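Some notes on the structure that comes next.
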Number of protein chains: 2
Amino acid sequence: MNNTVANKTKIKSCRDEARSTCALANGLDLVGDRWTLLIIRDLMFTNRNEFGHFVHSGEGISTNILTDRLERLLQCEIITKLPHPTHGKKNIYQLTDQGLALFPVLIELILWSYNTIKDTFVPESVYQMMINDRETLYQKIKTRQPLFVLDL
Amino acid sequence: MNNTVANKTKIKSCRDEARSTCALANGLDLVGDRWTLLIIRDLMFTNRNEFGHFVHSGEGISTNILTDRLERLLQCEIITKLPHPTHGKKNIYQLTDQGLALFPVLIELILWSYNTIKDTFVPESVYQMMINDRETLYQKIKTRQPLFVLDL
DNA sequence: ATAGTTACTTGCAAAACACAAGTAACTATT
DNA sequence: AATAGTTACTTGTGTTTTGCAAGTAACTAT
C-alpha cells in the first residue's frame, strides 16, 4: 500500500463517479480543462480575486463557465469564497492550502508551454523567479503575496 | 524580453488561433483535457505504445476520441508514429523529446492528485521513485525504459 | 431617484463527447 | 486458398458541454 497520506484530510473526487482510481485520472477530472487552471493562475500569481476580475482577465471566459468552475472549485475546497468587506454584492475568492499546493503543477506546465510552444510568454518577473529562485516564489505564494499587482 | 529560448525549435500552438499569448493558456489548449495526459502517462510510464493498448488501458477512452488526440499530439510533435516492425496494420507511438519534457508536469499533477483526492492510487514502484529518486526516474524515462512492463 | 455595476441566470446554436456499429487492411488458422 | 479473427480506424446518432448574447436582481455611486 502506498496510501501513506491520511485519507481523512483529502477531498472526494467531486465527480458523480470516478472513472478509475488512478490519481492522475482523478486529478484531470478536477483541473483537466481549458479554464480551471487559468482561474487558479490568476488567484496564485496576481491580485485578481473577484468574479469580474476573472471575466476581464483577457482570456475571454464566459460568465456561465466561470460560475460553473468556481462552484466546482469551491465544492472541492480548492478555493474559498468570502463576502467582500465593503461591497455587498462582491465576493473574494482565495486559494485554500490544497489550491496553493497546485503551485508546482502550474510552474511546470508554464515552463513546458513556454519552452515548447512558439510565441508564448511569461511575465518577466515571474519567469526569473521560476528559474532562479523557485523556493522564494513558493514562499511568497504560500503567504499569499501577489507577485503581480494589477490595477483592476 | 524573457524569450530566451530559441523560438525556432518550438511548435506552433496547434489551434487555429491561440486565445492569448499566455504560455499557460497555450499549454492548456494542447494538454488541458481529460484524455491527453492519460495517453502520455501510458507512453511515459508503461510499455503501452499501440492504439489498442490505449483503448484497453482501463480508463475507457473511445476510439474516435483516441484517434483525434493521437492526431493532435502528432501534429504538435509531442509523439511520433512508426510502423510496427512485424504487424503491418499496427503503429508504434513514442514520445518525442518535447513529450518526454512533460515528465515534471505529470509527476507534480500525479502527486497533487494523490495527496489531495480521496481513494486515489499510484503504483507503488513509481510512487517510491517519484518521492525518493526522481532524478533516476527521469533518466529511465528519458532513455525510454518503461517502469512498468505490462502484459499486453 | 436614477444610472451604473456586479454577479450571476437563461436561452439557443455550435462543438465536443460517448457509445455502438461498421469497414478495410492485415494476420492467423485450417 | 479460404475463412475467421484482429487491428486501426470511421461513421452515425444522441447527449453533454461550451460559447455567445441577452436578461435580471441586488447592490453602489451620483
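Please read all numbers here as calculations on a predicted model, not as lab measurements. Residue numbers start from 1 in every chain, and the chains themselves are labelled A, B, ... in the order their sequence lines are given, proteins ahead of strands.
- Using a 4.0 Å cut-off between a side-chain N of Lys or Arg and a carboxylate O of Asp or Glu, B/Asp33 and A/Arg34 do not qualify as a salt bridge.
- We find that OH of A/Tyr93 is positioned 14 Å from P of C/dT6, with the value rounded to whole Å.
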Between protein and nucleotides 27-30 of chain C, what N or O pairs are separated by less than 3.5 Å?
{"from": "C/dT27", "atom 1": "OP1", "to": "B/Thr86", "atom 2": "O", "distance (Å)": "3.4"}
{"from": "C/dT27", "atom 1": "OP1", "to": "B/Gly88", "atom 2": "N", "distance (Å)": "2.9"}

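- With salt bridges taken as basic N to acidic carboxylate O contacts below 4.0 Å, none links B/Lys142 and B/Glu135.
- With hydrogens and angles left out, the side-chain atoms of B/Glu59 and A/Ser20 include a donor and acceptor closer than 3.5 Å.
- With values rounded to the nearest 0.5 angstrom, B/Ile117 atom CD1 is found 9.0 Å from A/Lys10 atom NZ.
- Sequence order on DNA chain D of the closest nucleotides to B/Lys90 and A/Asp33 puts B/Lys90 first from the 5' end.
- Contact between B/Leu137 and B/Leu147 at its shortest, heavy atoms only, is CD1-CD1, 3.3 Å.
- B/Phe54 comes within contact range of no nucleotide atom at all, as no heavy-atom separation falls under 4.0 Å.
- The minimum heavy-atom distance between A/Cys76 and A/Gln98, with the atom names listed, is O-OE1, 4.2 Å.
- Straight-line distance from the NE2 atom of B/His84 to the C1' atom of C/dA25: 16 Å, rounded to whole Å.
- Contact check, B/Trp35 against C/dA18: a side-chain N or O comes under 4.0 Å of OP1 or OP2.
- The ring pair (Phe, Tyr, Trp, His ring centres under 6.0 Å) check on A/Tyr138 picks up A/Phe103, with sequence neighbours excluded.
- Distance B/Glu59 CD to C/dC17 C1': 16 Å, rounded to the nearest Å.
- The two residues A/Met129 and A/Thr136 come nearest to each other via the heavy atoms CE-CG2, 3.8 Å.
- For DNA chain D, the neighbouring residues in residues 42-53 of chain B, judged by any heavy atom under 4.0 Å, are B/Glu50, B/Phe51, B/Gly52.
- Within residues 61-71 of chain B, the residues having any heavy atom under 4.0 Å from DNA chain D are, by residue number, B/Thr63, B/Asn64, B/Thr67.
- Base pairing in DNA chain D yields stems of at least 3 consecutive Watson-Crick or G-U pairs, both distances under 3.5 Å, namely C:1-30 with D:1-30.
- Side-chain contact of A/Thr143 with A/Gln145: a donor-acceptor pair under 3.5 Å is present, judged by distance alone.
- Remark: side-chain polar atoms of B/Asn49 are not paired, donor with acceptor, to backbone N or O of B/Ile92 under 3.5 angstrom.
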task: Would you sort out whether B/Tyr114 and B/Tyr127 count as a ring-ring contact (aromatic ring centres under 6.0 Å, His included), showing the intermediate values?
output: CA-CA 10 Å; B/Tyr114 173 63; B/Tyr127 184 74; 5.0 Å; yes

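- Each salt bridge (charged side-chain N to carboxylate O under 4.0 Å, His left out) pair with one or both residues in residues 84-95 of chain A, not counting sequence neighbours, appears once here: A/Glu50-A/Lys90.
- B/Gly99 and B/Met44 make their closest contact through O-CE, 3.6 Å (heavy atoms, listed as atom of the first residue, atom of the second, distance).
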